[in-house]
Amino acid sequence: MTVKAMSHRNAAEDKAAACRQTDLAKLRRKNMIHIKNLVKRYGQLVALDHFDLDIPEGEIFGLLGPNGSGKTTAINCLLALLKYDKGEITVFGQEMRPDSYELKRQIGIVPQNVAVFEQMTVYENIDYFCGLYVEDKAKRRELVEEAIRFVGLEDYRRMMPRKLSGGLLRRLNIACGIAHRPRLIILDEPTVAVDPQSRNRILEGIVELNRNGATVIYTSHYMEEVEQICTRIAIMDHGRAIASGTTEELKQMIRTAETVTIEGIFVTEEQLQAVRELPHIFQAELSQAHTLTVKCTSGRHNLIRILDYLQGQEIAFGRVYSAPPTLNDVFLEITGKELRD
Amino acid sequence: MTVFKGYLLMTRRKIYTLAVYIGIFIFVCVMIQASLGKMLPQEGFSAYRMKVAVIDRAGNAVSQALCGMIAEKHETVDVADDPQAIQDVLYYRDAEYVLILPEDLKERFADGRQAVERVTVPDSTMGFYVDQQVNTMLNQIRVGMAGGLSEEEACEEAARLAALPGNVTLYDRNGNAGQLPAHNYFFRYMPYGLLGSVIWTISLILMEFKRREIQRRMQSSAVPFRRLNLAAVCSFFLIGLAIWAVCVLAGVFLYGRNLLPDRNLGWYLLNSFVFMLVALSLGYLCGILSQGTAALNGFTNVVSLGLSFLGGIFVPVEMLGKVEMISQFLPTYWYAKINDMLGNYQTFAKEQLALLAQGLGIQLMFAAACLAVTLAIRRVQMQERDSSAA
């Protein structure tokens, strides 16, 4: 019998999260973005259904939801790229309209798909998109160089995008969106189809941008990323924000405090029922692959109690895991389906 | 300026392919002009020389005078005095006209009967030309003999008169001895080159800029939508202008000696410039409709070749029959019509000037209509994009 308890967070991550919480407390001043009662329909399809959102300045705000939940539509409405049917949007305390160019000047967007010109070099691409915000050539040169350094593309500045790897392309995509030093940066699933190394670099970069003073909106359907870097999270489904708060706040909203997983176990229905009746356990399911998943509410010694029972019944089993709730558990409990369904 | 410069930078990156396109166009123009030049007479006038076979059965002074005159004015072909041989030379077109001088030529000539016999290819209009020359000579001999000259003297006099060169003055309405100048051919084929180069360049650039994520980035930027459009229009105009200038300069380089002093130079430039605007509007439309490079190549070829054929650029519309009814709706038709006028005339009457203005106006209206359609399609595309953005 092997028992191995695993935690999703190591000590360093806990420390970093604590630091961010402290920073957040300092930065949390006023709402940078206020969205109220937003409704957007595409014919019969309701993409945003009375969507509400408040994002304070200085956050890395995660918009988490499955594909088609309305994240990109919400961002497009926020940028005044889409007309909406109802509701109000204010950015930096002002109403956002298609012609709010002064507001747009303070926003940087990093779209989901790489949006760079194939016919321009790395430098020319960043310079071009920076030029849409900064007219002064000398200042722009500085900003472009800074962005190139920030994303680590110093050795590729004369290269055409088609010669860059997927990870480098993503970095270029980010550089094009942040070169003009925006106060608000919107990153729409920037790590899709990126290798783990580049993904980590991108995530570190986003945290760095936030440390430098930018508020970040980060949309993703990768809960691990959102959990790793975001200070606050809104979970979206069917065009609505179904829950919002810090990771801890969200996890406290649900019943699951601990999930115990036991592999390679053979139990009878009676024994399974007995496990369900143990204290703090509200769900125990046995899969066809003979994996027992036990959901526990908050309480001490849940794992020990389960193992004691199994030993008492002389039931053999393989590996055992105990994990705190994830955002997927939050989503699952609130909506009844997996985030990646 | 950033957006404007961006368009120009993209064009610069495509410059080699663009140069190939323009190079092919100029090569095609020069080759067509050169091959047409060989087919057409290069000097103002030269008498037509036929291939004539003469069978002299008479062997007297009159028949010899006629043989001499034919040899002087035409290319004579040897043929045996045999019906089969005569049929063969005509069948194989070794000779277009067989003149038979019968043994009783003298008697027939004296009696005023048909003195000679002839065999020609069917429906030969040029045969009358030889008939007239033979009859003229026989009449002159007859007049000379009636005037007291001997048969030999009359024949000599008739031969002398026949050898006198005719004084020919051509009606020259375009300053080029009635011929279309070489640069007129160059300008005639220019729409094909302009359409190909402009549509291809503009579309290729537009395809980059109309990508959804690029559009999203541009529209969420601090540059007003109107300024983005203005930059696009200005840069496309500049690109079109540059392509047009290259084409015109190629014309000056190749045909400058005749082109620059041409009184219609201004009209040539105006006509081709207006057509460049047509090509720009079509380029915009194709760029909006094309979804990939393969589709773009298809569009470019279909539009440039299609309009060139249907509009009478490659083949005169007169030869297309009923197609001309359709051609009148095409800008290439009016371009070619104006170009033909510029080639054929040096000065224009009021009615002709009105026709020139009409042709230019129709081209401009086509460009405007094309632009309006493009903008409408663009709007529909944007709406579709909105509805699929969820």
Side-chain angles (χ1 to χ4, degrees), chain A residues 40-43 45-48 67-73 75-83 98-121 124-125 127-135 137 140 160 173 176-177 180 182 186 188 239, chain B residues 1-18 200-232 235 239 287 290 292-293 296 379-390:
Chain A
K40 170 68 187 171
R41 292 189 187 91
Y42 297 109
L45 176 77
V46 182
L48 291 174
N67 288 330
S69 59
K71 302 186 296 287
T72 303
T73 302
I75 297 298
N76 283 343
C77 289
L78 174 66
L79 292 167
L81 297 177
L82 277 180
K83 286 179 189 166
D99 59 350
S100 303
Y101 297 113
E102 275 314 307
L103 292 183
K104 287 183 176 182
R105 196 178 291 281
Q106 301 173 63
I107 302 172
I109 169 121
V110 178
Q112 184 175 347
N113 297 320
V114 175
V116 297
F117 292 109
E118 293 293 325
Q119 307 296 327
M120 292 185 191
T121 62
E124 286 164 348
N125 262 298
D127 184 55
Y128 180 86
F129 288 111
C130 186
L132 299 176
Y133 301 88
V134 182
E135 288 182 8
K137 211 172 175 180
R140 202 163 69 226
M160 290 294 183
N173 196 35
C176 291
H180 60 287
I186 299 168
D188 193 1
Chain B
M1 274 311 260
T2 302
V3 185
F4 179 74
K5 282 179 182 171
Y7 283 112
L8 297 188
L9 183 64
M10 302 278 265
T11 314
R12 218 172 68 198
R13 293 281 146 81
K14 299 281 177 194
I15 200 81
Y16 294 115
T17 329
L18 184 60
W200 190 84
T201 311
I202 300 291
S203 303
L204 212 60
I205 295 168
L206 265 175
M207 275 169 60
E208 278 275 304
F209 275 84
K210 72 172 188 174
R211 278 166 48 204
R212 180 191 287 197
E213 297 291 16
I214 295 273
Q215 283 282 309
R216 198 172 169 216
R217 227 172 201 163
M218 307 264 286
Q219 285 172 19
S220 58
S221 76
V223 181
F225 192 61
R226 200 178 298 166
R227 254 177 66 193
L228 289 175
N229 279 340
L230 186 68
S235 52
I239 292 164
S290 306
T293 324
L296 172 60
R379 179 167 291 185
V380 171
Q381 279 182 345
M382 295 285 273
Q383 283 166 353
E384 280 174 0
R385 188 171 290 180
D386 280 3
S387 61
S388 65

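Reminder, nothing fancy here: chain letters follow the sequence lines and each chain counts from 1. Side chains are part of it too, since the values below use all heavy atoms of this structure and drop only hydrogens, waters and symmetry mates.
- For the set A/Gln112, A/His180, A/Arg140, the entry with the most heavy-atom pairs within less than 4.5 Å of chain B is A/Gln112.
- In this structure, the portion of B/Leu9 lying under 4.5 Å from any heavy atom of chain A is its side chain and not its backbone.
- Here the closest heavy-atom approach between residue B/Ser220 and residue A/Ile109 is recorded as OG-CG2, 3.1 Å.
- Inter-residue side-chain proximity for A/Tyr128 and B/Thr2 is flagged as met; some heavy-atom pair is nearer than 4.5 Å.
- Within the 4.5 Å cutoff, the side chain of A/Leu132 has heavy atoms near those of the B/Met218 side chain.
- Using a 4.5 Å cut-off between heavy atoms, A/Arg41 makes no contact with chain B at all.
- A side-chain donor-acceptor contact under 3.5 Å links A/Asn173 and B/Arg217.
- Other residues, nucleotides and ligands contribute more than 12 heavy atoms inside 6.0 Å of the CD atom of A/Glu118.
- Contact annotation: the side chain of A/Asp188 approaches that of B/Arg216 to within less than 4.5 Å [non-hydrogen atoms, C-beta and beyond].
- The shortest distance between side-chain heavy atoms of B/Glu208 and A/Met120 does not fall below 4.5 Å.
- For the atom pair A/Thr121 OG1 and B/Arg13 CZ, the distance stands at 6.0 Å (nearest 0.5 Å).
- Proximity to chain B (any heavy atom under 4.5 Å) is shown, for A/Gln106, by neither the backbone nor the side chain.
- Residues B/Ser221 and A/Lys104 come closest through the heavy atom pair O-CD, 3.3 Å.
- In this structure, the portions of A/Cys176 lying under 4.5 Å from any heavy atom of chain B include both its backbone and its side chain.
- In this structure, B/Arg211 and A/Asn113 have side chains that are not in contact, with every pair of non-hydrogen atoms separated by 4.5 Å or more.
- For a residue to count as touching a neighbouring chain, one of its non-hydrogen atoms must lie under 4.5 Å from one of that chain's; by this rule A/Glu135 touches chain B with the side chain only.
- Within the 4.5 Å cutoff, the side chain of B/Ile205 has no heavy atoms near those of the A/Phe117 side chain.
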